[in-house]
Structures are given as C-alpha cells and as structure tokens.
Amino acid sequence: MKRIKPIAMYLPQFHRTKENDEWWGEGFTDWVSVKGATALMENHMQPREPLNDNYYNLLDKKTMEWQASLAKQYSIYGFCFYHYWFKDGRKVLEKPAENLLKWIDIDMKFCFSWANVTWAQTWSKLTSINSWAPQYEADDLRKKYENGVLLEQKYGREEEWIKHFNYLLPFFKDSRYIRIEGKPLFVIYRAMDMPAVQPMLRLWNELARENGLPGIYVIAEFCNEYSSEIDACMRHEPEVSRGVIRSRYLASGKSTLALDYDEVYEVALSEKKDNMFGKKFLMCFTDFDNTPRKGKNGEILTGVTVDKFEKYFSEEVKKSREWGNEYIFINAWNEWGEGMYLEPDKRYNYGFLEAVNRVVNADMESNREASSSRPNSYMANMKCLDKWLYINEEGKKLADYLIDSNCKEVAIYGCGILGKHLLVELEKTEVNVKYIIDKKRSGKIGSIDIIGIEEPFEKVDAIIVTPTWDFNRIEEELASKFEGRILSLAEILYEMY
C-alpha cells in the first residue's frame with residue numbers, strides 16, 4: 001500500500017533580492033512584514049513569531065538542510081516551490097531553487113508551481129496601511145511605478161517558451177524532482193489565463209521527450225476549460241473557499257475581515273471529484289491571515305486550532321485515497337506573511353507538523369490492515385469456490401441441503417463474488433431469497449431488494465453470510481438484530497463436501 005505523500009507549498013521569499021531592495025527598501029524580505037504586523041481585533045494572533053526567533057535566510061545552506069530534515073521527520077514528502085517567470089524571461093526569487101539544484105547532498109524532494117500572475121504593489125495598496133509601508137514607499141518609487149505594476153506577466157511565443165523550458169530542464173532531470181507517471185510534476189496557478197497554453201505545453205512535451213523524459217505532468221489550478229495537454233486540476237485553497245464565504249458575508253452585511261475557519265473548510269471539503277480531466281488533486285491549508293501584508297484590507301480566519309486542522313486534513317487524506325491520489329498538497333510550508341505555515345512557531349510549536357505526521361501514519365496503518373486482509377479474503381474465496389465446484393461436479397445442490405435443513409426462506413449477506421454466485425445458484429429452486437444485506441450497496445438485483453444492515457430485517461429461516469473471511473465479526477453484528485440462524489457459506493460447503 002502506497003503511503004500518502006503530502007507536498008507543502010513553499011515560498012522562496014526569505015532572502016534579499018535587488019528587486020525587493022528597490023521596491024520595498026534595502027534589506028526587505030517577507031520577514032519585515034511579518035515582524036511589523038499588528039493585532040487588529042481581540043485575540044488576533046499578530047505578529048506571528050517563528051520558534052526560537054528563527055528568521056532564517058533561504059540562501060543559507062543550513063536553513064534548507066534544516067527544512068529538509070524537519071519535513072522528513074514529520075511525513076512531508078516534498079516541497080512545491082513557487083516559480084516566477086515573467087515577460088522576456090525575467091526571473092525573481094529563483095536563487096533558493098537554483099541553490100538546491102547545486103546542493104545535491106540535501107535530500108529534499110521538490111517540484112514547481114508557476115505563479116503566473118502580474119506583480120503589483122498590492123501588499124500595501126500604495127497607501128500607508130501597514131506599519132512598515134511608510135518606511136519603504138518613497139515618492140520617487142511611487143512615480144516610477146505609477147500604475148502599481150512591478151513585473152508584467154507575458155508569455156511570448158515559441159522562442160520564449162523554449163527558453164523557459166530549457167531553464168526548467170535541469171530541475172526536471174534532477175533525481176529529487178517529484179514525478180507522476182514518470183513525468184516531472186509542474187503546477188500552473190492560472191493556466192487558463194494563458195492565451196496559448198495548449199500549444200506551449202504541447203511544445204514542452206515534445207521537448208521533454210527529446211530530452212529523455214516521457215513528458216510533463218501538468219496540474220492546472222482555477223481550470224475551467226479542457227486542454228489535452230493538462231493532466232489534472234486542483235483548487236487553490238483556501239483562496240477559492242474564502243471567496244465563497246466572503247460573498248456570503250458581504251450578502252448578509254457582515255465584515256469580511258474575519259472569516260470562520262470551520263465555514264471555509266466546510267466549503268473546501270464539499271469539493272467533488274467530477275471534473276473535465278478525470279483527475280483532481282486536493283489542497284489543504286493550515287490557517288490564513290494576510291494582514292501582515294494588507295493590513296485592515298486583509299482577511300483573517302478565526303477559530304483555528306491544530307485539532308481542527310488535523311480533523312480536516314484527515315478527511316481530505318481519506319478523500320484522496322478514494323480518488324486514487326497518492327499526493328495531497330498543503331498550503332503552506334512557510335507562507336508566514338499569510339499566516340499559512342507548517343514550520344514551528346511560538347504559539348503552536350510543532351503542532352501542525354505533528355498533526356500531519358499523525359494523520360499520515362494513521363492512514364498508512366489503516367490501509368496496511370485493509371491491505372493485509374485482502375489476501376485472506378481472496379484465499380477464503382478460492383477455497384469456497386474450489387469446494388463448490390467439486391460439490392457441483394458430484395451433482396449435489398446447495399438448494400437441496402438448505403431445504404433438508406429447513407431453510408426454505410433465506411437472506412444473503414454480501415453482494416460480492418460469492419453472494420452473486422449463491423443468488424444464481426438458488427434461482428428457480430424451492431429456496432426463496434427474500435432480500436440481500438450489504439453495507440456498501442442499495443437498490444435491487446433483479447427483483448430482490450438490497451438493504452443496509454441498519455434497516456429492519458424481515459423474518460427468514462436463515463441468513464447466509466458470504467464474506468466468510470470476516471464471519472465472526474459479521475455474525476456478532478447480525479446476532480444483535482436477528483434471532484434466527486446465521487450460517488457461513490463456508491460452513492455449508494464444508495458440510496456438503
């Protein structure tokens with residue numbers, strides 16, 4: 001049984017860049033906004049403080065070694081680095097990933113999410129609503145970026161696409177890069193904003209194959225139309241669900257500064273599998289509070305606890321299993337400026353990481369038990385079928401045995417292989433199958449009703465249990481509701497053989 005593999009979104013912002021020096025002031029990183037945050041309401045947890053005052057620098061190799069070790073310790077499979085590629089191939093915040101590519105001794109699995117949106121001075125809305133804004137927003141800077149646009153997102157055509165692919169190729173070929181179906185995983189935040197996403201990805205897949213890769217596995221967020229070059233979709237959370245709750249609050253006249261954590265997660269958990277690609281991945285979130293960046297124009301999730309996150313994360317892991325997904329995304333590893341982080345802080349300590357670890361290990365143990373029971377069930381089925389064939393070859397009939405045992409009206413427990421064979425065997429005999437009991441199915445088989453185990457049972461001479469490998473547990477459950485005989489199919493076959 002494969003282990004669920006959480007991938008944490010990773011913000012490569014915590015190091016000095018010439019762009020940040022110019023736009024926000026010399027030495028600016030996201031830690032400046034985090035440290036300068038102020039509480040805007042009662043019980044508002046600001047500023048957020050990393051445990052042991054660990055205001056790290058991502059260009060320091062020891063920081064990435066610590067992150068890789070911590071992730072492995074707490075069942076985080078890898079990181080999804082935000083990747084920024086703008087008009088004419090302009091890159092920003094690229095150094096942490098480029099350093100990781102060189103630091104081959106760091107055991108950190110990773111992939112990219114292309115955050116393909118225009119950068120604008122929206123953190124402070126060009127006003128002094130943040131405590132740190134007046135210090136860094138000089139008049140000459142305002143004039144230079146009069147429209148607020150810092151970096152424009154444009155995509156170009158083939159020449160630019162090839163340049164972008166060639167930059168990504170060494171990462172794609174790195175042994176630590178996360179793959180699905182053997183293909184390097186690449187998330188695109190706003191794929192449908194790209195006017196030529198299909199021809200670009202078609203070219204990238206051709207280039208990938210030319211370079212020894214089977215292609216590129218693309219997950220598109222906010223995807224509302226089909227493209228043959230996109231493999232799967234994913235909702236960016238809590239952004240989508242926050243939008244739903246924000247609209248409800250606005251409609252009812254409530255302030256949108258503080259949104260309820262449980263309400264937002266209720267929307268997130270309601271997501272259905274049905275989609276145009278047939279494959280959808282889930283994104284969970286720890287918390288959200290972007291007031292360090294946007295001040296009173298931001299949003300806060302209230303009622304957040306580690307226990308709630310653990311409960312909701314567990315539900316999303318279960319859903320991922322049901323959908324056949326090995327990977328699940330968490331927002332985020334270190335989005336401190338938006339209150340989304342797994343890294344330890346002074347309030348929760350290692351709480352969110354410990355919650356992830358518990359859920360992943362519990363899921364693995366649960367599925368290991370389920371997996372280990374399957375060979376037993378298959379073997380039990382084979383033994384029953386083997387005896388059944390011998391009995392039929394000798395001309396004996398189960399119906400005759402049941403009639404001789406005064407079991408003329410019966411119910412069958414289980415709609416699996418053995419249950420269906422038994423139903424066919426008893427058709428057109430003097431034994432009347434009145435109903436079938438099954439936990440997972442309802443409706444009818446032919447004219448015979450399938451009922452749940454919680455429903456009342458009509459009186460019959462016997463209930464025949466066909467999941468013979470689990471007879472003891474089923475017999476105990478049935479005996480609390482049914483006073484007649486409860487027979488194992490294996491017992492009947494053994495007596496007849």
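One-based numbering along the sequence shown. Side chains included, hydrogens not; waters and symmetry mates left out as well; all remaining heavy atoms used. These numbers were taken from a predicted model, which means no experiment stands behind them.
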Between [atom1] of [X] and [atom2] of [Y], what distance do you get to the nearest 0.5 Å?
| X | Y | atom1 | atom2 | result |
| --- | --- | --- | --- | --- |
| M64 | W103 | CE | CH2 | 6.5 Å |
| Y261 | T302 | OH | OG1 | 11.5 Å |
| M496 | D400 | CE | CG | 7.5 Å |
| I216 | I180 | CD1 | CD1 | 13.0 Å |
| K318 | W323 | NZ | CH2 | 13.5 Å |
| L422 | L402 | CG | CG | 7.5 Å |

Note, [X] side chain near [Y] side chain (heavy atom, < 4.5 Å):
| X | Y | value |
| --- | --- | --- |
| L203 | E158 | yes |
| Y350 | N357 | no |
| K397 | I403 | no |
| F165 | L169 | yes |
| R235 | K280 | no |
| Y312 | D262 | yes |
| V465 | L478 | yes |
| L398 | L489 | yes |

Worked verdict on I219 versus D231 for side-chain contact (heavy atoms from CB on, under 4.5 Å): CA-CA 6 Å; I219 298 176; D231 299 275; over 6 Å; no
On the ring face of Y401, is K396 found with NZ or CZ under 6.0 Å from the centre and within 45° of the axis?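 No, K396 does not sit over the ring of Y401.
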When you measure from the centre of the six-membered ring of Y341, is the NZ or CZ of R48 under 6.0 Å away and within 45° of the axis?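 Verdict for Y341: no cation-pi partner in R48.
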Under a 3.5 Å cutoff, is there a donor and acceptor pairing between the side chains of D289 and T291?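 Short answer, yes.
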Distance-only donor-acceptor check, side chains Q13 and E335, under 3.5 Å: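 Checked: Q13/E335 side chains show no N/O donor-acceptor pair below 3.5 Å.
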Ring centroid separation for [X] and [Y], is it under 6.0 angstrom?
| X | Y | result |
| --- | --- | --- |
| F281 | Y327 | no |
| W85 | F186 | no |
| Y10 | F81 | yes |
| Y265 | F285 | yes |
| Y177 | F171 | no |

Between W333 and L353, is a side-chain contact (heavy atoms from CB on, under 4.5 Å) present by the stated rule, with each step listed? CA-CA 10 Å; W333 177 259; L353 284 168; 3.7 Å; yes
Is the [atom1] atom of [X] crowded by more than 12 outside heavy atoms at less than 6.0 Å?
| X | atom1 | value |
| --- | --- | --- |
| E393 | CD | yes |
| K5 | NZ | yes |
| E476 | CD | no |
| K72 | NZ | no |
| E206 | CD | yes |
| I417 | CD1 | no |
| L389 | CG | yes |
| K434 | NZ | yes |

Where do [X] and [Y] come nearest, in terms of heavy atoms and distance?
| X | Y | value |
| --- | --- | --- |
| I178 | Y77 | CG1-CE2, 4.0 Å |
| L282 | S320 | CD1-OG, 3.5 Å |
| I230 | A191 | CD1-CB, 4.3 Å |
| L213 | F172 | CD1-CB, 3.9 Å |
| N290 | G298 | OD1-CA, 3.1 Å |
| A399 | V431 | O-CG2, 3.8 Å |

With side-chain contact (heavy atoms from CB on, under 4.5 Å) as the criterion, how do W336 and E343 come out once you've worked through the C-alpha distance, each side chain's angles and the decisive distance to 0.1 Å? CA-CA 9 Å; W336 286 85; E343 289 179 329; 2.8 Å; yes
Decide yes or no on salt bridge (charged side-chain N to carboxylate O under 4.0 Å, His left out) for E181 and K279, but give the supporting numbers first. CA-CA 13 Å; E181 298 173 2; K279 191 76 171 175; over 6 Å; no
Taking [Y]'s backbone N and O only, do any of them form a donor-acceptor pair with [X]'s side chain (distance below 3.5 Å, no angle check)?
| X | Y | answer |
| --- | --- | --- |
| K319 | L269 | yes |
| R3 | S75 | no |
| N205 | L201 | yes |
| K109 | I7 | no |
| S241 | P238 | no |

Single hit among Y84, Y155, F112, W114 for ring-ring contact (aromatic ring centres under 6.0 Å, His included) with H164: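 Exactly one pass, corresponding to W114.
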Report the C-alpha separation of K154 and E160 in whole Å, then their side-chain angles, then the decisive distance to 0.1 Å, and conclude whether the salt bridge (charged side-chain N to carboxylate O under 4.0 Å, His left out) test is met. CA-CA 10 Å; K154 294 285 187 180; E160 289 85 352; over 6 Å; no
With side-chain contact (heavy atoms from CB on, under 4.5 Å) as the test, would you mind laying out the steps for L418 and L385 before giving the verdict? CA-CA 8 Å; L418 295 179; L385 289 170; 3.8 Å; yes
Determine, stepwise, if the pair E477 / R473 fulfils salt bridge (charged side-chain N to carboxylate O under 4.0 Å, His left out). CA-CA 6 Å; E477 192 172 12; R473 183 192 61 79; 3.3 Å; yes
R242 and its salt bridge (Lys or Arg N to Asp or Glu O under 4.0 Å) partner, picked from E299, E237, E263: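 The option that passes is E299.
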Classify the ring geometry between H236 and Y189 as parallel (under 30°), tilted (30 to 60°) or perpendicular (over 60°).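 H236 vs Y189 ring planes: perpendicular.
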Ring geometry between F313 and F309 (parallel below 30°, tilted from 30 to 60°, perpendicular above 60°):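 Judged by the thresholds at 30° and 60°, the geometry between F309 and F313 is parallel.
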Chi angles and distances behind the salt bridge (charged side-chain N to carboxylate O under 4.0 Å, His left out) call for D345, R347: CA-CA 6 Å; D345 72 356; R347 177 169 181 175; over 6 Å; no
Is it true that E266 and R248 have a side-chain N and a carboxylate O under 4.0 angstrom from each other?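 Answer for the salt bridge query: no.
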